[in-house]
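Residue numbers begin at 1 in each chain, while the letters A, B, ... track the order of the sequences. This structure is a prediction, so every number in the text was calculated from the model and none was measured. Scope of the values below: all heavy atoms of this structure, side chains included, with no hydrogens, waters or symmetry mates.
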Amino acid sequence: MPELPEVETVVRTLRNHILHEKIHHVQVFWERTVYESETFIQDLTNQHIQDITRRGKYLIFTLDKGFMSVHLRMEGRFYMTPLDEAPKKHTHVVFYLKDQKLEFNDTRKFGRIKYCTEDPVILLTQLGLEPFDECLNPAYLRLKAKNRSIPIKTFLLDQSVIAGIGNIYADEICFLCHLSPLKKVKTLTLKQWQELIDNVRMVLSDAILAGGTTVRSYTSSLGVTGRFQNTLNVYGRASLACVSCTTPLKSIKIGQRTSVYCPACQKG
DNA sequence: AGATCTACCCGCACGC
DNA sequence: TGCGTGCGGGTAGATC
């Protein structure tokens with residue numbers, strides 16, 4: 001499910017359910033999901049979940065003696081299930097808590113979980129600014145975009161510039177900015193960067209309020225029954241009529257990722 | 001020389 | 001049955 005609003009939704013849901021709980025036992029069914037799998041289980045056992053936060057698309061669990069970072073990648077998700085219930089299909093890691101268990105479930109096995117003793121905020125310094133960080137301003141983006149010929153779509157997906165935007169919201173942001181996703185970033189004006197920041201924040205905060213976007217229908221998966229898909233303007237609407245001008249939306253590939261936009265509205 | 005582009009990889013489900 | 005696709009991101013090697 002993984003863009004910032006979906007991760008934020010999962011973090012909020014988990015905070016409401018398992019904060020301060022003790023991890024009594026851990027099971028790993030697919031070794032490659034966890035880093036340092038030899039010590040992962042013993043590292044986590046008997047630690048308490050003191051806090052759960054988000055940085056970009058990463059979830060960060062603060063434990064007694066260290067931190068656990070989780071990246072959901074394409075389809076990673078969490079389930080909270082009764083202790084006596086068998087793990088679901090595609091569950092690769094199980095955390096046994098007091099009265100329930102937390103399952104990390106990932107159909108495509110792309111998600112990764114890592115335990116470290118140092119604050120991963122330091123380890124994640126390669127990530128750019130959070131969208132709602134007040135340091136995010138037109139001057140910052142213009143500097144990052146200086147002399148660069150990459151498309152705005154690619155720039156928005158670059159986690160070292162702004163952390164948390166993925167393929168859905170990048171397309172939506174370009175649409176709201178009336179900018180072609182192919183627009184070269186070095187050509188944007190300060191005014192356009194400000195509009196972009198405004199739209200980044202608007203789209204992401206609206207999506208968080210809606211509980212994120214659920215593209216496929218997942219059954220009872222934790223915190224991903226989003227409703228934002230109902231308000232998408234371009235993502236997934238290739239060849240359908242533009243909501244603004246009825247021109248058929250166009251679909252192209254930018255950096256190996258599908259990009260949908262209105263050739264009439266997004267000429268900037 | 002450094003920035004950028006392209007292909008490809010990773011497991012798997014789904015639709016055609 | 002087979003093929004293309006995907007809410008992510010890393011890498012290697014080619015190319016600008």
For this session: Tell whether A:R257 reaches the base of C:dG9 with its side chain through a donor-acceptor pair below 3.5 angstrom.
Result: yes
For this session: Name the nucleic acid region contacted by A:T258, choosing base, sugar-phosphate or nothing; use a 4.0 angstrom heavy-atom cut-off, strictly under.
Result: sugar-phosphate
Problem set entry | Closest non-hydrogen atom pair, A:T81 against A:E103 | OG1-OE2, 2.9 Å
Return a table of donor-acceptor pairs under 3.5 angstrom between the side chains of residues 59-66 of chain A and protein atoms on other chains or two or more places apart.
{"from": "A:D64", "atom 1": "OD1", "to": "A:Q50", "atom 2": "NE2", "distance (Å)": "2.8"}
{"from": "A:D64", "atom 1": "OD2", "to": "A:H48", "atom 2": "N", "distance (Å)": "2.9"}
{"from": "A:D64", "atom 1": "OD2", "to": "A:H48", "atom 2": "ND1", "distance (Å)": "2.9"}

For this session: Would you mind telling me which of C:dG9, C:dC7, B:dT6 lies closest to the side-chain atoms of A:Y235?
Result: C:dC7
Exercise. What integer distance in Å separates A:K109:NZ from C:dG10:C1'?
Worked result: 20 Å
For this session: Would you classify A:K184 as touching base, sugar-phosphate or nothing, given that sugar-phosphate means primed atoms plus P, OP1 and OP2, and contacts are heavy atoms under 4.0 Å?
Result: nothing
Problem set entry | Closest nucleotide among B:dC5, B:dA13, C:dG9 to the A:P151 side chain | B:dC5
Problem set entry | Pairing pattern in dot-bracket form [Watson-Crick, G-U; both distances under 3.5 Å; | = partner strand] for DNA chain B | .|||||||||.|||||
Atom pairs and distances, donor-acceptor, side-chain atoms in residues 239-253 of chain A, under 3.5 Å, two or more places apart:
{"from": "A:K253", "atom 1": "NZ", "to": "A:T258", "atom 2": "OG1", "distance (Å)": "3.2"}

Problem set entry | Pair A:I162-A:L129, side-chain contact (heavy atoms from CB on, under 4.5 Å): steps then yes or no | CA-CA 5 Å; A:I162 303 175; A:L129 293 175; 5.7 Å; no
Problem set entry | Any side-chain donor near an acceptor of the partner, A:N167 and A:K153, under 3.5 Å | yes
Problem set entry | side-chain contact (heavy atoms from CB on, under 4.5 Å) evaluation trace for A:F78 with A:H17 | CA-CA 12 Å; A:F78 283 103; A:H17 288 89; over 6 Å; no
Exercise. Tell me: CD of A:E172 to P of C:dC7, nearest whole Å?
Worked result: 12 Å
Exercise. So, is A:S149 close to the B:dA3 phosphate, meaning a side-chain N or O under 4.0 Å from OP1 or OP2?
Worked result: no
Exercise. Can you check whether A:F110 stacks with the B:dG11 base, using ring centres under 5.5 Å and planes within 30°?
Worked result: no
